[in-house]
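When a residue number appears, it is its place in the shown sequence, counting from 1.
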Amino acid sequence: MKDEPRSWSRLKARLEFEEAKERLDRQVNDWLDEAVHDFEAKGGMEHVKGKGKPLQLETGDPINGVLKTANVKPAWLELQHDIRDSIRVLRVTIDSGAAANAEHTLQEINAKIARYNALVPHYSMQKSKLDPGTLDRQWQSWE
């Protein structure tokens, strides 16, 4: 083992670590699957509202619809609402003529958009940063 190049040793250690992590993930998933199947076998799912019926989504977006039905609001969705509200405030600020405050607010919103883009579950949900010249058109994608 002393004859192995250092980069090979690092790669080998990293692969072993990733394999161990994958095994642990599989064990946890197997345990969760087993717990769910045991729960179902004991009749735990018999009284679930809407059992055996398709999910009724309130919006056209399946991810948001399922999360809303389950009363779950992930961090990216909360951030989406925060950005939308911040853009509303920015538009009022611009309409009132306070351009100095608008530039700072625009930078803060763009930082939130960058964080939002890192959190969304799929790249197709990412949004572009705001540009002062096209703010009204971009606003529609957040409304």
Residues which pass side chain to side chain donor-acceptor pair (under 3.5 Å) with N110, listed by chain and number, not counting sequence neighbours: none
Residues forming a side chain to side chain donor-acceptor pair (under 3.5 Å) with S124, sequence neighbours excluded: H122
Can you sort out the partners of [X] under salt bridge (charged side-chain N to carboxylate O under 4.0 Å, His left out), two or more places apart, ordered by chain and number?
X: K42; result: D38
X: R84; result: none
X: E34; result: none
X: D85; result: R88

Could I get the full list of side chain to side chain contact (heavy atoms under 4.5 Å, CB included) partners for [X], not counting sequence neighbours?
X: R14; answer: E18
X: R10; answer: R6
X: Q126; answer: N117, V120, Y123
X: E40; answer: V36, H37, M45

Atom pair [atom1] ([X]) and [atom2] ([Y]), whose distance is rounded to the nearest 0.5 Å:
X: I87; Y: L130; atom1: CD1; atom2: CG; value: 4.5 Å
X: Y116; Y: L77; atom1: OH; atom2: CG; value: 8.0 Å
X: L90; Y: I109; atom1: CG; atom2: CD1; value: 4.5 Å
X: W8; Y: L15; atom1: CH2; atom2: CG; value: 7.0 Å
X: I83; Y: E78; atom1: CD1; atom2: CD; value: 12.0 Å
X: E19; Y: E22; atom1: CD; atom2: CD; value: 9.5 Å

Salt bridge (charged side-chain N to carboxylate O under 4.0 Å, His left out): pairs with one or both residues in residues 106-122, sequence neighbours excluded: D82-K112
Residue pairs fulfilling salt bridge (charged side-chain N to carboxylate O under 4.0 Å, His left out) with at least one residue in residues 118-135, sequence neighbours excluded: none
